[in-house]
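Computed from a predicted model, the values in this text were never measured in an experiment. Residues take their numbers from the sequence shown, with the count starting at 1. Scope of the values below: all heavy atoms of this structure, side chains included, with no hydrogens, waters or symmetry mates.
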Amino acid sequence: MDRNTELSEFLRTRRARLRPEDAGVNMTAPGRRRVPGLRREELAHLAGVSTDYYTRLEQGRHLNVSEAVLDAVARALQLNDTERAYLFELAKPKPRRAQRRRPLRPQRVRPGVYRMLQMLEGVSPAFVLGRGGDVLASNRLARALIIDFDALPYRERNMTRFMFLDPAARELYREWDKYASEMVASLRLQTSRYADDPGLTELVGELTIKSPEFRTWWADHNVREKTHGVKLYHHPVVGDMTLAYENVTFPGDDDQAMCIYTVEPGSPSEAALQLLANWTATAPPDRASPSSPAPSSPPPSISRNPVHGDH
């Protein structure tokens with residue numbers, strides 16, 4: 001993924017979404033606007049730089065652009081905190097060949113984190129996500145809620161891949177379009193942080209080829225930090241549920257997050273989740289998940305996805 005191209009497309013799409021009236025641009029000047037959003041010269045004026053300089057920046061031909069200029073451009077484009085951080089990441093000077101980053105370490109779940117998943121068993125669905133949405137570990141209730149990732153081939157144990165390539169996801173998530181587009185925005189943010197991960201490049205390439213929706217949303221260049229939220233489910237066994245989630249990161253493993261689901265006490269969703277927990281605890285091994293064979297969890301010290309994680 002070429003950073004110059006990414007920077008160019010990101011700036012162009014952010015400029016196109018900004019309406020002139022929202023940016024305080026005088027619309028009384030004659031002439032038909034041929035581009036959506038702001039013109040380059042208008043954005044340059046708002047940022048306090050020359051049109052030629054901004055044009056080169058948007059074309060990805062920047063040379064050691066200063067933080068002050070990036071700050072001004074971010075303000076002119078009305079970027080939020082996540083978008084601003086993304087802009088700064090893309091505009092970083094490329095490292096020299098001799099100073100390339102070390103290969104990313106294999107992603108492994110610490111024994112203590114794995115025990116936390118087991119402690120939540122029967123109480124809350126929980127799983128550990130790695131780079132690009134790799135599902136590194138999960139408890140039985142999470143597998144019963146979504147899909148038994150342990151029963152899938154290693155390369156398919158990925159939440160983003162499940163969302164776009166498994167038809168069951170469209171039935172499971174009641175607002176599939178919303179969640180899937182948010183997942184694309186999160187994945188794009190991760191590609192800037194882990195630009196040296198060939199597994200991410202492979203994942204983006206596969207989804208671009210196989211999913212029209214992914215291609216469309218990827219081209220939007222939206223970025224999003226997923227920290228918490230609410231999801232609506234339609235489970236084939238227990239019906240509709242509204243679950244809140246929190247993504248918890250651990251010191252020393254910044255590229256991993258434990259996703260923990262909770263329900264409102266006394267709500268129908270709490271009753272449905274309890275029913276799912278009871279069904280999971282009493283179901284035969286071959287029915288531990290509505291759509292998958294029985295789970296077989298590997299030890300927590302083993303990387304759960306060598307294709308996308310072991311680089």
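Among residues two or more places apart in sequence or in another chain, the ring pair (Phe, Tyr, Trp, His ring centres under 6.0 Å) test is passed with Tyr179 by Tyr173. For the side-chain contact (heavy atoms from CB on, under 4.5 Å) test, residues two or more places apart in sequence or in another chain that qualify with Ala180 are Met163, Phe164, Trp176, Trp217. By the side-chain contact (heavy atoms from CB on, under 4.5 Å) test, Thr208 pairs with Val204, Phe214, Arg215, sequence neighbours left out. In terms of the side-chain contact (heavy atoms from CB on, under 4.5 Å) criterion, residue partners of Asp166 (sequence neighbours excluded) are, by chain and number, Ile147, Phe162, Ala168. The side-chain contact (heavy atoms from CB on, under 4.5 Å) test applied to Leu11 returns Leu7, Tyr54, Leu57, Glu58, Val73, Leu77, Leu87, not counting sequence neighbours.
For the atom pair CE of Met258 and CE of Met116, the computed distance is 4.5 Å after rounding to the nearest 0.5 Å. Rounding to the nearest 0.5 Å places OG1 of Thr51 at 6.0 Å from CD of Glu41. Taken from CZ in Phe149 to CG in Asn158, the straight-line distance is 8.0 Å, to the nearest 0.5 Å. Rounding to the nearest 0.5 Å gives a distance of 13.0 Å between OG1 of Thr242 and CD of Glu270. Distance check, rounded to the nearest 0.5 Å: OH of Tyr233 to CG of Asp240 gives 13.0 Å.
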Can I get a per-line list of side-chain donor-acceptor pairs under 3.5 Å for residues 221-231, giving both atom names and the distance, sequence neighbours left out?
unit_1	atom_1	unit_2	atom_2	d
His221	ND1	Arg188	NH1	3.4
Asn222	OD1	Arg14	NH1	3.0
Asn222	OD1	Arg14	NH2	3.1
Glu225	OE1	Arg193	NH2	2.5
Glu225	OE2	Arg193	NH1	3.2

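Closest approach of Ala272 to Met241, counting heavy atoms only: CB-CG, 3.5 Å. Contact record, Tyr53 with Val49: CD2-CB, 4.3 Å, taken as the closest heavy-atom pair. Val109 approaches Ala137 most closely through the heavy-atom pair CG2-CB, 4.0 Å.
Taking a cutoff of 4.0 Å between a charged side-chain nitrogen and a carboxylate oxygen, Asp134 and Arg157 do not qualify as a salt bridge. In this structure, Arg155 pairs ionically with Glu206, as a charged nitrogen and a carboxylate oxygen lie closer than 4.0 Å.
Side-chain atoms of Gln190 come within 3.5 Å of backbone atoms of Gly132 as a donor-acceptor pair (strictly under, hydrogens ignored).
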Query - Pair Arg84-Asp71, side chain to side chain contact (heavy atoms under 4.5 Å, CB included): steps then yes or no - result: CA-CA 8 Å; Arg84 181 184 180 279; Asp71 251 333; 2.6 Å; yes
Query raised in the report: After noting the C-alpha distance and the side-chain angles of Ser138 and Asp150, does the key distance pass the side chain to side chain contact (heavy atoms under 4.5 Å, CB included) rule?
Result: CA-CA 8 Å; Ser138 60; Asp150 286 356; 4.3 Å; yes
